[in-house]
Student: 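Below is one structure. I have some questions about it.
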Amino acid sequence: MSKFLNIFLPAASGTALALGLAFGLAGRDYNKSTIESLEIQLDQANARTSAAQNTSDAQNEVVQALQDRLTTVEANLAAAASQIGSVAEPAPLKADTYQIGRLALSEEIAAWDVDVLPDGRGLPVGSGDVFTGEEVFADQCAACHGDFAEGVDNWPVLAGGFDTLADEDPIKTVGSYWPHLSTVWDYINRSMPFGAAGTLTADETYAIVAYILYSNDMVDDDFVLSQENFADFEMHNKDGFVLDDRAETEYAAWRTEPCMKNCKEEVEVTMRSVFLVETPPEGGSSSVMNSATIDGLPSFSATGPAFIPAATVAPKAPAATKAIVEEVSAEDQEAQLIDDGKKVFKKCRACHEVGEGAKNGSGPHLNGIVGRTMGSVDGFKYSKVFAAALDDGLVWDDEALASFLEKPKSYMKGTKMAFSGLKKASDQQAVIEYLRTFGE
């Protein structure tokens, strides 16, 4: 039995050793996997913790930003409230400011910055010729200023008047009076045509200005005005103005305290108006000398006029009488025709003079026109078509005058005269008879 044991004891010892080693290795592998598993779980937990921390930090930043903005808004409100004060108090004003509105945008400033200076600054790019200007002027301007800038009724005359500024009644037109061409362009661009200001294009404005210069015989019929040659053009009266220095030389003498004592007890009218202005039925106006005396004029005092003339009773209308038809003589008919022609000639008077001392204006004087050779008045600058008529020896007879007066541009193509014409044959004949009364 002992032998038996002796035989198996080493085997049993080896087996036990092997089993122990196996169990030891198994235990080591189990512990290793467990550690690795725990390490993975720890890493995952750390990652989740880090993510949560990052999220928390971001949320804290947002909260802090919102708190900062809230603090700023509250501070602004508090400052505004301190400036506003009581609603019954006027809003405080800073020096030289009104505390209203906002700063103008550059686009808004550019839209309003349309003034043009004498040296051409401010002009837009563009151009316009006389021929185009004539058409635009006829459509947009002639209703008030006449077909050839002579003025209609009391609307301004734009052409003529040269060498009249020293007269008692000067004719102040664009040609005779205005010192700078920029004023013409600027005014038309901003304010014309009447009732539709600002509707003209830059090219149309250039063309109208060119036509007005042409109507004043300051340019030829092929002239083209643009921003490039604008500043080079000199007006007739460019040296006729002086700088206004009254603020330095005269204002101090004017600004004295007015006398408010020792006033006159009674004031008498000692003169009547030198001129009386009457309005003819056909329009326009004319002035006549007032020949009345001062007899019968009222005097005035602090309490009113010394007397008020009693109103006169209107006379009774005369009883209707039977009209008596009288035969009108040929002489009376001729006198009536001349008188009618004088009235119609008012449409021509802006540019043409007749009678003693008649001078050339926008058009030549018309003394001796009936039977005169076309384009032959000395000292007047005619258009090319009239120069050609002079070379051909054409004469202003009754038929030629009637045809020209009916429609000048159709009869004499290329004439400067933009007048639309006299449509009625009776008006044409009346003007011819009136002109016939004025010899050379």
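Computed over heavy atoms, backbone and side chain alike; hydrogens, waters and symmetry mates excluded.
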Student: Got a second to check how far Asp115's CG is from Asp113's CG, nearest 0.5 Å?
Tutor: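 That separation rounds to 5.5 Å.
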
Student: Would you confirm whether Glu204, through its side chain, and Thr201, through its main-chain N or O, come within 3.5 Å as a donor-acceptor pair?
Tutor: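 Yes, the answer is positive, given that a donor and an acceptor are paired below the 3.5 Å cut-off.
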
Student: For Gln64, give me all partners under side-chain contact (heavy atoms from CB on, under 4.5 Å), at least two apart in sequence or on another chain.
Tutor: Gln67, Asp68

Student: Judged by atom type as modelled, is there a donor-acceptor pair below 3.5 Å linking the side chain of Glu108 to the main-chain atoms of Leu105?
Tutor: yes

Student: Using atom types as modelled and distance alone, determine if a side-chain donor or acceptor of Asn229 lies under 3.5 Å from a backbone N or O of Val224.
Tutor: yes

Student: Excluding sequence neighbours, so at least two apart, what forms salt bridge (Lys or Arg N to Asp or Glu O under 4.0 Å) with Asp244?
Tutor: Arg246

Student: Using modelled atom types only, decide if a donor and an acceptor are shared between the side chain of Gln227 and the backbone of Gly126 within a distance under 3.5 Å.
Tutor: yes

Student: Between Asp220 and Lys381, does at least one N-O distance fall below 4.0 Å, as a salt bridge requires?
Tutor: yes

Student: Indicate yes or no for a side-chain donor-acceptor contact from Glu334 to the backbone of Asp332 under 3.5 Å, with no hydrogens or angles considered.
Tutor: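 Answer holds: no.
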
Student: Which residue pairs pass the side-chain hydrogen bond (donor to acceptor under 3.5 Å, both in side chains) test when at least one of the two sits in residues 173-182, sequence neighbours left out?
Tutor: Thr173-Ser176

Student: Does any N or O in the side chain of Ser376 come within less than 3.5 Å of the main-chain N or O of Thr373, such that one atom is a donor and the other an acceptor?
Tutor: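 Judged by distance alone, yes, a pair lies under 3.5 Å.
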
Student: Any side-chain heavy-atom pair from Val395 and Arg372 closer than 4.5 angstrom?
Tutor: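 SC-SC contact between Val395 and Arg372 ruled out.
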
Student: Mind checking the OG1-CE spacing from Thr183 to Met235? Nearest 0.5 Å is all I need.
Tutor: 8.0 Å

Student: If you round to the nearest 0.5 Å, how far is NE2 of His365 from CD of Glu353?
Tutor: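 Result: 9.5 Å between the selected atoms.
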
Student: Classify the angle between the aromatic ring planes of His145 and Phe137 as parallel (below 30°), tilted (30 to 60°) or perpendicular (above 60°).
Tutor: tilted

Student: Residues two or more places apart in sequence or in another chain: which of them pass side-chain hydrogen bond (donor to acceptor under 3.5 Å, both in side chains) with Asp119?
Tutor: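 side-chain hydrogen bond (donor to acceptor under 3.5 Å, both in side chains) list for Asp119, sorted by chain: Arg121.
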
Student: List the atom pairs, donor and acceptor, that lie under 3.5 Å between side-chain atoms in residues 248-256 and the rest of the protein, sequence neighbours left out.
Tutor:
| residue | atom | partner | partner atom | Å |
| --- | --- | --- | --- | --- |
| Thr249 | OG1 | Asp245 | O | 2.9 |

Student: Around atom CG of Leu103, are there more than 12 heavy atoms from other residues, nucleotides or ligands closer than 6.0 Å?
Tutor: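 Incorrect, the count does not exceed 12.
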
Student: Spell out, as yes or no, whether a donor-acceptor pair under 3.5 Å connects the side chain of Thr164 to the backbone of Gly161.
Tutor: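 Checked: pair present.
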
Student: Please report the interatomic distance OH(Tyr434) to CD1(Ile338), rounded to the nearest 0.5 Å.
Tutor: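 So the OH of Tyr434 and the CD1 of Ile338 are separated by 10.0 Å.
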
Student: Is it true that Lys424 and Glu406 have a side-chain N and a carboxylate O under 4.0 angstrom from each other?
Tutor: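 Salt bridge: no.
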
Student: Assess the residue pair Asp340 and Gln336 against the criterion (side-chain hydrogen bond (donor to acceptor under 3.5 Å, both in side chains)); give the C-alpha distance rounded to whole Å, side-chain angles, the decisive distance to 0.1 Å, and a yes or no.
Tutor: CA-CA 6 Å; Asp340 292 342; Gln336 183 62 48; 2.9 Å; yes

Student: Let me confirm one number: the CZ-CE distance from Phe386 to Met412, rounded to the nearest 0.5 Å.
Tutor: 4.0 Å

Student: Between SG of Cys141 and CD1 of Ile212, what distance do you get to the nearest 0.5 Å?
Tutor: 6.5 Å

Student: With distance as the sole test, does His352 use its side chain to make a donor-acceptor pair with the main-chain N or O of Pro364 at under 3.5 Å?
Tutor: yes

Student: For Glu61, check side-chain contact (heavy atoms from CB on, under 4.5 Å) against everything at least two apart and list the hits.
Tutor: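 Applying side-chain contact (heavy atoms from CB on, under 4.5 Å) to Glu61 gives none.
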
Student: Count the heavy atoms of every other residue, nucleotide or ligand shown that sit under 6.0 Å from CZ of Phe233, and state whether that count exceeds 12.
Tutor: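 Yes - once you tally the heavy atoms of other residues, nucleotides and ligands closer than 6.0 Å, there are more than 12.
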
Student: Got a donor-acceptor contact below 3.5 angstrom from the Asn367 side chain to the Gly355 backbone?
Tutor: yes

Student: Give a yes or no answer on whether the side chain of Asp129 reaches the backbone of Thr132 with a donor-acceptor pair at less than 3.5 Å.
Tutor: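 Checking the backbone N and O of Thr132 against the side chain of Asp129, a donor-acceptor pair under 3.5 Å is found.
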
